[in-house]
Amino acid sequence: MQPFTWIATNTPFVPSPSPSVNPDNVTPGVAGFIAIAVIAIAVVLLLVDMIRRIRRGRYRAEIAEQLDAEEAAARAAEDGDDVTPEGPAKG
């Protein structure tokens, strides 16, 4: 423990340098705000478009399922089978 105490007591104190840069010159300012706002608006528009496309794809899949079920029922009716889209008829 003595070496750490010796280092702590014998190390000269070095003050931190004074800031040489004007803080007003390094802030993003209006241009930075506008850039972030444009990026945020673009992200929101992309999300809305993605949600719309996913919803459209889901609706198309549901309609395709319904059409396939109706086609299967029509084929079954032509063949004389008593099968409904819900399953075979009881009886």
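Note that the coordinates shown come from a computational prediction; the quantities given were computed from them, not determined experimentally. The first residue in the sequence is number 1, and the count goes up from there.
Taking hydrophobic clusters as Ile, Leu, Val, Met, Phe, Trp and Tyr residues chained together by side-chain heavy-atom distances below 4.5 Å, Leu46 does not share a cluster with Ile39. Cluster annotation: Val30 and Val38 are assigned to the same hydrophobic cluster (Ile/Leu/Val/Met/Phe/Trp/Tyr, side-chain heavy-atom contacts under 4.5 Å, transitive).
Surrounding CZ of Arg60 are at most 12 heavy atoms belonging to other residues, nucleotides or ligands under 6.0 Å away. The local environment of CD in Glu65 is sparse, with at most 12 non-hydrogen atoms from other residues, nucleotides or ligands closer than 6.0 Å.
With Leu45 as the fixed residue, the side-chain contact (heavy atoms from CB on, under 4.5 Å) test singles out one of Ile41, Val48, Asp49: Ile41.
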Check against side chain to side chain contact (heavy atoms under 4.5 Å, CB included), Arg53 and Met50: CA-CA 5 Å; Arg53 289 175 187 265; Met50 181 186 68; 5.8 Å; no
